Trainee: 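Mind having a look at this structure? Questions to follow.
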Amino acid sequence: MPHVALVTGGGRGIGRAIALGLARRGDSVAIAARTRADIDRTAGEIETRGARVAALPLDVTDPDAIGRVVADVVERLGPIDVLVNNAGVAESAPFGRTDPSLWDRHLRVNVTGPYLLARAVLPGMRERRWGRIVNVASLAGLYGAAYVTAYVTSKHALVGFTRALAMEVAGSGVTVNAICPGYVATDLVWRSARNISERTGRPVEDAIAALARMNPGGRLIDPDEVAEAGIGLIEDDETNGQTIIVDGTGPIPEPAGPVKESP
């Protein structure tokens with residue numbers, strides 16, 4: 001049965017892969033992010049294949065904007081069945097240079113944003129007795145790492161939020177789970193590699209290779225691998241309150257097929 005999904009940070013990287021994967025299932029997809037060009041580009045990929053899609057600018061730290069976007073999705077596509085909290089920020093700094101603004105930014109985007117969005121869509125899911133909330137966390141939500149204190153703290157908080165909310169909705173037809181990927185081949189990794197290169201003088205390619213080796217699988221993770229895990233949770237009626245690790249140890253998925261036309 002097709003559903004209506006809202007994917008934050010859906011214009012590129014993991015969010016784009018999840019949005020495309022949901023559209024291939026025949027779901028209607030609302031893509032929300034701060035950068036208009038990104039969401040329009042991804043929406044165009046979906047729309048040209050006949051699926052229903054909406055591209056909506058959104059700052060996930062703005063409660064009023066969230067209310068407007070949720071209302072817009074309901075009006076244009078229908079009640080929201082699936083929420084994918086993918087929007088996030090990842091910045092590195094030694095703890096001594098982790099100032100309050102950097103700290104607050106990570107908590108607002110990576111934790112408060114998912115809280116506000118879940119709060120907006122959960123009542124409808126519970127009323128209809130079906131819903132899926134998938135939070136894109138990180139291996140950094142399960143383990144520590146140097147020079148990313150704010151990021152690690154925020155992702156641990158997102159995992160805790162996932163587990164607590166899952167306990168609260170258990171048995172209601174709604175599930176809440178988290179995906180915890182390692183380093184994924186996205187703009188965030190390219191940006192991190194450039195930062196490493198600027199600080200150390202190492203070639204960017206060497207920095208990318210070093211980040212890849214930090215994954216247990218010894219390689220960067222393809223965004224489609226994360227999308228596959230997320231869609232598996234959406235299709236699963238039983239799994240609730242779990243953290244699904246995507247660390248590059250599994251096989252790389254086959255190239256995704258075309259988007260299905262929505263009914």
Side-chain angles (χ1 to χ4, degrees), residues 3-25 27-62 65-73 76-77 80 82-91 105-106 108-114 116-118 120-121 132-138 151 154-155 158 179 181 183-194 220-231 234 246 255-256 258-260 262:
H3 299 294
V4 174
L6 171 59
V7 182
T8 68
R12 54 188 174 180
I14 292 171
R16 172 183 173 275
I18 292 174
L20 290 169
L22 289 167
R24 289 186 189 96
R25 283 172 23 102
D27 293 333
S28 300
V29 185
I31 304 166
R34 288 180 297 178
T35 306
R36 181 89 223 193
D38 289 339
I39 57 176
D40 283 346
R41 184 167 52 249
T42 300
E45 292 181 67
I46 293 172
E47 195 169 40
T48 56
R49 294 174 171 92
R52 298 174 71 218
V53 63
L56 304 165
L58 176 64
D59 176 353
V60 299
T61 68
D62 183 341
I66 287 173
R68 290 192 297 271
V69 162
V70 168
D72 199 2
V73 174
R76 293 168 65 174
L77 301 178
I80 296 169
V82 175
L83 169 64
V84 180
N85 281 312
N86 171 70
V89 62
E91 300 174 55
R105 186 160 56 251
H106 280 77
R108 283 188 289 110
V109 175
N110 295 349
V111 188
T112 303
L116 291 170
L117 282 149
V121 304
R132 299 288 183 267
I133 297 175
V134 178
N135 297 317
V136 179
S138 169
Y151 180 72
S154 67
K155 290 301 185 178
L158 183 58
I179 311 171
Y183 287 101
V184 182
T186 67
D187 289 346
L188 286 176
V189 162
W190 313 144
R191 193 178 308 126
S192 295
R194 287 193 296 270
L220 292 180
I221 298 157
D222 190 284
D224 283 341
E225 294 177 81
V226 187
E228 187 177 84
I231 290 169
I234 291 163
V246 183
V259 173
K260 293 182 181 179
S262 295

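Note that this is a predicted model, so its numbers are computed, not measured.
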Trainee: With a 4.5 Å limit on heavy-atom distance, are the side chains of D27 and V82 in contact?
Mentor: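 Sidechains of V82 and D27: no contact.
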Trainee: I'd like to know if the side chain of T8 reaches the main chain of A87, judged simply by a donor and an acceptor atom lying under 3.5 Å from each other, with no hydrogens or angles considered.
Mentor: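 Confirmed, T8 side chain pairs with A87 backbone.
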Trainee: Can you name the closest pair of heavy atoms from I234 and R132 and give their distance?
Mentor: O-NE, 3.2 Å
Trainee: Roughly how far, to the nearest 0.5 Å, is the OG1 atom of T61 from the CZ atom of R34?
Mentor: 8.0 Å
Trainee: For H106 and E91, indicate whether the former's side chain and the latter's backbone hold a donor-acceptor pair under 3.5 Å.
Mentor: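 Yes.
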Trainee: Evaluate the side-chain proximity of V121 to V73: yes if any heavy-atom separation is below 4.5 Å, no if none is.
Mentor: no
Trainee: Could you tell me whether a side-chain N or O of T42 sits under 3.5 Å from a main-chain N or O of I39, the two making a donor and an acceptor?
Mentor: no
Trainee: Without swapping roles, check the side chain of R12 against the backbone of T186 for a donor-acceptor pair under 3.5 Å.
Mentor: no
Trainee: Judged by atom type as modelled, is there a donor-acceptor pair below 3.5 Å linking the side chain of N86 to the main-chain atoms of V136?
Mentor: no
Trainee: I would like to know whether D72 and R76 meet salt bridge (Lys or Arg N to Asp or Glu O under 4.0 Å); could you show each step before the answer?
Mentor: CA-CA 6 Å; D72 199 2; R76 293 168 65 174; 3.6 Å; yes
Trainee: Of all the heavy-atom pairs spanning P223 and A17, show the shortest one and how long it is.
Mentor: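 Nearest heavy atoms, P223 then A17: O-CB, 3.7 Å.
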Trainee: To the nearest 0.5 Å, how far apart are CG in L6 and CD1 in I80?
Mentor: 5.0 Å
Trainee: Checking the side chain of R25 only, and the main-chain atoms of G21 only, is there a donor and an acceptor separated by less than 3.5 Å?
Mentor: no
Trainee: CZ of R24 to CD1 of I46: how many Å apart, nearest 0.5 Å?
Mentor: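 It comes to 8.5 Å.
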Trainee: Give, for atom CD1 of I14 and atom CG of D187, the distance between the pair rounded to the nearest 0.5 Å.
Mentor: 11.0 Å
Trainee: To the nearest 0.5 Å, tell me how far I231 CD1 sits from I18 CD1.
Mentor: 7.5 Å
Trainee: Has the side chain of D222 got a donor or acceptor atom that lies under 3.5 Å from a matching backbone atom of D224?
Mentor: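 Yes, because the side chain of D222 sits within donor-acceptor range (under 3.5 Å) of the backbone of D224.
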Trainee: Nearest heavy-atom pair of A137 and L158: which atoms, and what distance?
Mentor: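 Closest approach of A137 to L158: CA-CD2, 3.9 Å.
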Trainee: Which atom pair, heavy atoms only, marks the closest approach of A55 to D40?
Mentor: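 Where A55 meets D40 most closely, the heavy atoms are CB-OD1, 3.6 Å.
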Trainee: Between G88 and N110, which heavy-atom pair has the shortest distance, and what is it?
Mentor: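 Closest approach of G88 to N110: CA-OD1, 3.1 Å.
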Trainee: Is there side-chain contact between V109 and V60, with heavy atoms separated by less than 4.5 Å?
Mentor: yes
Trainee: Could you state the interatomic distance from OG1 (T35) to CZ (R41), rounded to the nearest 0.5 Å?
Mentor: 9.0 Å
Trainee: What pair of heavy atoms forms the shortest contact from I221 to P181, and how long is it?
Mentor: CD1-C, 4.4 Å
